[in-house]
Amino acid sequence: MAGFDRMAATYQALELCAFGGGLQRARTAFVDHLTPCRDVLTLGDGDGRFLKALLDAAPDVRVHSVDASARMLALAGGRLTAHQRARLTFDCADARHFDPGQRTYDAIVTMFFLDCFVEGDVERIVSRILPHLRPGGLWLYADFAIPPSGAARMHARVAVSALYRFFRWRADLEARTLPPSEAILQRAGLSCLDQREFRAGLIRSAVYRYFSVGSTDQ
Ligand SMILES: C[S@@+](CC[C@H](N)C(=O)[O-])C[C@H]1O[C@@H](n2cnc3c(N)ncnc32)[C@H](O)[C@@H]1O
């Protein structure tokens, strides 16, 4: 068994031991922004705790959920009612090569996902997926972060380094350090609407809006 399949069954318990409810608060901080959405793409949603919150919050949403781990997708499916599963398409695929075809979305969601990749892969994922986000669409984001200064920065550097060592061992992660994901999103044309920090800045959650080139609704 490889990658995140290996740790799917224990993922939630490990998270609760390490962070309590901090990660789930970050995942769901801006889920209400998606209430009016019809089509949402989630990348690397894992065991489905964000997915469940989204389907509960947005009665008309249809979700396309892409994750490379079949075990994570199975856990996610197990959280949902039959009615919710009917509003969902699962794709077990590598997001670095995933092609949504003709599909477009009102929102894209990456929760503790972009930090699995080296910078070049984050750039490739963003540039491949962004053309499928409708003008004015949202990108919900949460990840670990390193605050700019002080004791919080030192604490975060130790915590993030330990996390990467753990995930490189258990999930065969290639990345060794946090990629500059929010800078990449901003360079691609996304503007931050709101953001929140948890655990003294170790965890960040943000909602971005996409104003495509030539759009006048900024
Ligand atoms: C750190 S976990 C985060 C899971 C969940 N989003 C959360 O908030 O906890 C990363 C997730 O991304 C998935 N993943 C990792 N690399 C991937 C890839 N190349 N393509 C698609 N999914 C991937 C893993 O299977 C896992 O479910």
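The chain is numbered in sequence order, starting from 1. Counting starts at 1 for both ligands and their atoms, following the listed order. As the structure is a computational prediction, the values presented were derived from the model and not from experiment.
Among the atoms of A68, some N or O lies under 3.5 angstrom from an N or O of ligand 1. At least one N/O-N/O distance between Y11 and ligand 1 falls below 3.5 Å. Considering both main-chain and side-chain atoms, C116 never comes within under 3.5 Å of ligand 1 through any nitrogen or oxygen pair. Backbone and side-chain nitrogen or oxygen atoms of R49 are examined, and none is located within less than 3.5 angstrom of a nitrogen or oxygen of ligand 1. When only interatomic distances are considered, the shortest N/O to N/O separation between F117 and ligand 1 does not fall below 3.5 Å.
For the ligand labelled ligand 1, residue F50 lies outside the 4.0 Å heavy-atom shell. The shortest separation from a heavy atom of F98 to ligand 1 is not under 4.0 Å, leaving the residue out of contact. For the ligand labelled ligand 1, residue V66 lies outside the 4.0 Å heavy-atom shell.
Between atom CG of residue L73 and atom CG of residue D91 there is a gap of 8.5 Å, rounded to the nearest 0.5 Å. In this structure, CZ on F112 lies 10.0 Å from CZ on F167, to the nearest 0.5 angstrom. Residue R27 holds its CZ atom at 15.5 Å from NZ of K52, rounded to the nearest 0.5 Å.
With hydrogens and angles ignored, the 3.5 Å screen pairs a side-chain donor or acceptor of R6 with a backbone N or O of R170.
Of all atoms in ligand 1, numbered sequentially from 1 with element shown, those under 4.0 Å from a heavy atom of S69 are 25 (O). Remark: ligand 1 atoms within the under-4.0 Å shell around heavy atoms of A93 are 20 (N), 21 (C). Close contacts of ligand 1 with M111, meaning ligand atoms under 4.0 Å from a residue heavy atom, involve 3 (C), 5 (C), 6 (N), 7 (C), 8 (O).
Counting only N and O atoms by type, the side chains of R87 and Q84 include no donor and acceptor under 3.5 Å apart. Judged purely by distance below 3.5 Å, without hydrogens or angles, the side chains of S65 and D45 never pair a donor atom with an acceptor atom.
With a 4.0 Å heavy-atom cut-off, ligand 1 is reached by the backbone of F112 and by its side chain too. When non-hydrogen atoms are compared, ligand 1 lies under 4.0 Å from the side chain of M72 (C-beta onward) but not from its backbone.
Nearest protein heavy-atom neighbour of atom 5 (C) of ligand 1: D45 O, 3.3 Å. Protein heavy atom at the shortest distance from atom 14 (N) of ligand 1 is F113 CE1, 3.9 Å. In terms of protein heavy-atom proximity, atom 4 (C) of ligand 1 is closest to G44 O, 3.5 Å. Among all protein heavy atoms, the one lying closest to atom 8 (O) of ligand 1 is R27 NE, 2.6 Å. The closest protein non-hydrogen atom to atom 27 (O) of ligand 1 is D67 OD2, 2.7 Å. Counting protein heavy atoms only, atom 20 (N) of ligand 1 is closest to A95 N, 2.8 Å. For atom 19 (N) of ligand 1, the nearest non-hydrogen atom of the protein is D94 OD1, 2.9 Å.
Across every non-hydrogen atom of T104 and D39, the tightest pair is O-CB, 3.9 Å.
Between F144 and F19, the ring-plane angle classifies as tilted under the 30° and 60° cut-offs.
Side-chain contact check for R165 versus R168: every heavy-atom pair is 4.5 Å or farther apart.
Close placement of the H64 and F98 rings is indicated, their centers lying within 6.0 Å of each other.
E182 has no carboxylate O lying under 4.0 Å from a charged side-chain N of R187, or vice versa, which leaves the two without a salt bridge.
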Inset, instruction - Just do the side chain to side chain contact (heavy atoms under 4.5 Å, CB included) check on T177 and V160 with the steps written out, would you? - result: CA-CA 8 Å; T177 186; V160 165; 5.6 Å; no
